[in-house]
Amino acid sequence: MSRIQRISGLSQFFRDTAIWQYPDVPGYSLIGAGDAPKFPQKAPRFIPDHELDKLMPVIHAIACPFQRAALLVAR
């Protein structure tokens, strides 16, 4: 997110300098919207029921009680 914010600020700066037509600055923006990295995709915070039905028997079969408890809590 910080890269996106920094590139956005630079892009705005280059657009402004192009509009103000300074003599030593190109008359176009050097950074466009396509130069910024894409926003990260968020993973869903829940497990759908049809996938959870497949997962629960495997969790109950885990021998280590600590691993089983961690997965049950994370569920």
Side-chain angles (χ1 to χ4, degrees):
M1 292 303 293
S2 63
R3 286 182 184 171
I4 294 171
Q5 291 172 345
R6 288 180 186 171
I7 290 176
S8 175
L10 278 174
S11 176
Q12 183 62 46
F13 172 75
F14 288 136
R15 269 186 302 221
D16 288 345
T17 56
I19 291 171
W20 296 331
Q21 298 177 351
Y22 287 127
D24 296 338
V25 176
Y28 56 90
S29 180
L30 299 175
I31 297 178
D35 295 324
K38 304 296 179 222
F39 284 103
Q41 293 183 346
K42 296 181 180 178
R45 294 184 175 252
F46 66 95
I47 300 173
D49 289 334
H50 68 279
E51 291 180 11
L52 190 61
D53 292 338
K54 293 184 227 176
L55 184 64
M56 288 310 295
V58 177
I59 290 176
H60 289 301
I62 294 175
C64 178
F66 298 112
Q67 289 178 347
R68 188 171 54 244
L71 288 171
L72 288 172
V73 169
R75 177 198 89 147

Residues which pass side chain to side chain contact (heavy atoms under 4.5 Å, CB included) with [X], listed by chain and number, not counting sequence neighbours:
X     : value
Pro37 : Arg3, Ile4, Ile7
Pro48 : Phe46, His50, Glu51
Phe13 : Thr17

Practice task
Considering only Ile, Leu, Val, Met, Phe, Trp and Tyr, and joining two whenever side-chain heavy atoms are under 4.5 Å apart, list the other residues clustered with Leu71.
Solution key: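 Ile47, Leu52, Leu55, Met56, Ile59, Ile62, Leu72, all in the cluster of Leu71.
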Practice task
Could you tell me whether Arg6 atom CZ has more than 12 heavy atoms of other residues or ligands within 6.0 Å of it?
Solution key: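 Result for CZ/Arg6: open.
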Practice task
Write down the atom of Pro40, the atom of Met1, and the distance for their closest heavy-atom approach.
Solution key: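 Taking Pro40 first and Met1 second, the nearest heavy atoms are CD-SD, 4.2 Å.
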Handout entry: Which residues share a side chain to side chain donor-acceptor pair (under 3.5 Å) with Asp35, sequence neighbours left out
Key =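 Here no residue qualifies.
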Please set out all donor-acceptor pairs under 3.5 angstrom arising from side-chain atoms of residues 18-31, sequence neighbours excluded.
from	atom 1	to	atom 2	distance (Å)
Ser29	OG	Ile31	O	2.9

